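Notes follow once the structure below has been shown.
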Number of protein chains: 2
Amino acid sequence: MATMTAAQRREQARADYDAFLRACPTNQLLGRLSDKWVGLVVAALAPGPRRYSDLGRKIAGVSPKMLTQTLRSLERDGIISRTVTPSVPVRVDYELTPLGASLACLLTAVKDWAETHFDEVRAARERYDTDNPA
Amino acid sequence: MATMTAAQRREQARADYDAFLRACPTNQLLGRLSDKWVGLVVAALAPGPRRYSDLGRKIAGVSPKMLTQTLRSLERDGIISRTVTPSVPVRVDYELTPLGASLACLLTAVKDWAETHFDEVRAARERYDTDNPA
DNA sequence: CGGCATCCACAGAGATACTG
DNA sequence: CAGTATCTCTGTGGATGCCG
């Protein structure tokens with residue numbers, strides 16, 4: 001039908017684009033990295049393996065649910081490995097896979113950029129906020 | 001008081017940690033990068049300046065609101081610059097600043113990692129989904 | 001053309017309570 | 001210890017409509 005509102009056309013475009021975005025590896029990775037806890041978990045595991053509750057303590061403020069959820073998704077993506085030791089009580093260790101280690105390098109690169117340029121960003125923000133008072 | 005539930009203690013910890021996270025440049029940057037549209041806008045602007053509605057068409061599926069919001073936050077952070085030409089009708093151009101260009105490099109690094117390792121991630125996912133049927 | 005204010009709907013974070 | 005199941009509530013994105 002010819003009578004399509006702008007909103008309808010955009011909705012259609014968005015549906016297509018969404019599919020495209022979901023298929024895009026870069027976007028998927030960005031989504032993962034930005035998950036609130038992923039960066040922290042990877043950082044916490046970088047020095048070596050850790051147990052579940054150990055992570056919970058190290059990361060302070062994460063709920064059991066989110067910790068599990070984060071660990072699961074990372075495990076699914078092959079970033080970390082999960083090892084169950086069926087003792088009593090149970091013991092579960094998590095550690096970075098080689099793939100996870102290479103991801104940690106990326107994260108470090110991001111961290112370096114952030115630390116190098118953060119002063120500029122801060123300066124830009126102050127300038128902006130001064131020029132555009134609320 | 002000594003009688004603090006686990007939840008209360010975690011809430012306290014989270015409050016502290018949240019403050020810490022917000023102060024952390026790395027996390028701020030990650031938050032920015034992962035904003036659904038930031039990567040696309042930066043990518044669209046990488047080849048050269050573009051007009052507002054030009055971006056809207058190029059990015060296909062973005063709502064005016066989100067486009068403006070994204071552009072504003074990037075402008076505030078000194079990633080892009082906004083140039084108004086007061087003709088009739090008005091004309092507004094956006095372009096990457098030098099800082100924005102360096103960010104684009106980072107984004108490229110992420111993209112490269114994603115393209116290099118995405119097969120591994122896909123394989124890991126399939127393995128995981130096979131071993132853990134819903 | 002470019003942009004903002006308003007309203008709404010939904011995904012997802014988190015609290016709480018329970019289990020192998 | 002290491003989770004899981006359920007519920008709720010907020011934040012965020014989108015639609016709509018109006019201004020310079």
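These numbers come from a predicted model, not from an experiment. We name chains A, B, ... by the order of the sequence lines, and we start the count at 1 in each one. Note: hydrogens, waters and symmetry copies are ignored here, and every other heavy atom, side chains too, is used.
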Exercise. Taking 4.0 angstrom as the limit, do A/R91 and A/D93 come out as a salt bridge?
Worked result: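 Here A/R91 pairs with A/D93 in a salt bridge, since their nearest N and O are under 4.0 Å apart.
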
Between [N] atom [atom2] and [X] atom [atom1], what is the distance in whole Å?
X	N	atom1	atom2	value
A/R72	D/dA2	CZ	P	12 Å
B/L40	D/dG13	CG	C1'	15 Å
A/L67	D/dA5	CG	P	17 Å
B/Y94	C/dC1	OH	P	15 Å

Is the distance from OP1 or OP2 of [N] to the nearest side-chain N or O of [X] less than 4.0 Å?
X	N	result
B/S53	C/dG2	yes
A/R51	D/dA2	yes
A/Y52	D/dT4	no
B/S63	D/dG13	no

Name all pairs fulfilling the salt bridge (Lys or Arg N to Asp or Glu O under 4.0 Å) condition that reach into [range], sequence neighbours left out, sorted by first residue then second.
range	result
residues 19-34 of chain B	B/R32-B/D77
residues 98-107 of chain B	none
residues 59-73 of chain A	none

What does the list of N/O pairs under 3.5 Å between the protein and nucleotides 11-13 of chain C look like, with a distance for each?
{"unit_1": "C/dA13", "atom_1": "OP2", "unit_2": "A/Q69", "atom_2": "OE1", "d": "3.3"}

Exercise. What do the steps show when you test B/I80 against B/V42 for side chain to side chain contact (heavy atoms under 4.5 Å, CB included), and what is the final call?
Worked result: CA-CA 8 Å; B/I80 63 177; B/V42 171; 5.7 Å; no

Exercise. What residues form a side-chain hydrogen bond (donor to acceptor under 3.5 Å, both in side chains) with A/T68, not counting sequence neighbours?
Worked result: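 Partners of A/T68 by the side-chain hydrogen bond (donor to acceptor under 3.5 Å, both in side chains) criterion, ordered by chain and then number, come out as A/Y52.
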
For this session: Please identify each residue that fulfils side-chain hydrogen bond (donor to acceptor under 3.5 Å, both in side chains) with B/R82, with sequence neighbours left out.
Result: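 Once residues adjacent in sequence are excluded, the partners of B/R82 under the side-chain hydrogen bond (donor to acceptor under 3.5 Å, both in side chains) criterion are B/Y94.
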
Enumerate, atom names and distances included, each donor-acceptor pair closer than 3.5 Å involving a side-chain atom of residues 83-90 of chain A, sequence neighbours excluded.
{"unit_1": "A/S87", "atom_1": "OG", "unit_2": "A/P89", "atom_2": "O", "d": "2.9"}

For this session: Name all pairs fulfilling the side-chain hydrogen bond (donor to acceptor under 3.5 Å, both in side chains) condition that reach into residues 33-44 of chain B, sequence neighbours left out, sorted by first residue then second.
Result: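 Output for this query lists A/S34-B/S34.
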
For this session: For A/T116, check side-chain contact (heavy atoms from CB on, under 4.5 Å) against everything at least two apart and list the hits.
Result: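 So A/T116 forms no side-chain contact (heavy atoms from CB on, under 4.5 Å) with any residue.
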
Problem set entry | Axis-to-axis angle between the two ends of the helix from C/dC1-D/dG20 to C/dG20-D/dC1 (five base pairs per end, rounded to 10 degrees) |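 For the helix from C/dC1-D/dG20 to C/dG20-D/dC1, the axes at opposite ends meet at about 50°.
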
Problem set entry | Contact list for DNA chain D against residues 75-93 of chain A - heavy-atom distance below 4.0 Å |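 Close to the strand are A/R82, A/P89, A/V90, A/R91, A/V92.
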
Which donor-acceptor pairs under 3.5 Å do side chains of residues 99-107 of chain A form with protein atoms, sequence neighbours excluded?
{"unit_1": "A/S102", "atom_1": "OG", "unit_2": "A/L99", "atom_2": "O", "d": "2.8"}
{"unit_1": "A/S102", "atom_1": "OG", "unit_2": "B/W113", "atom_2": "NE1", "d": "3.1"}

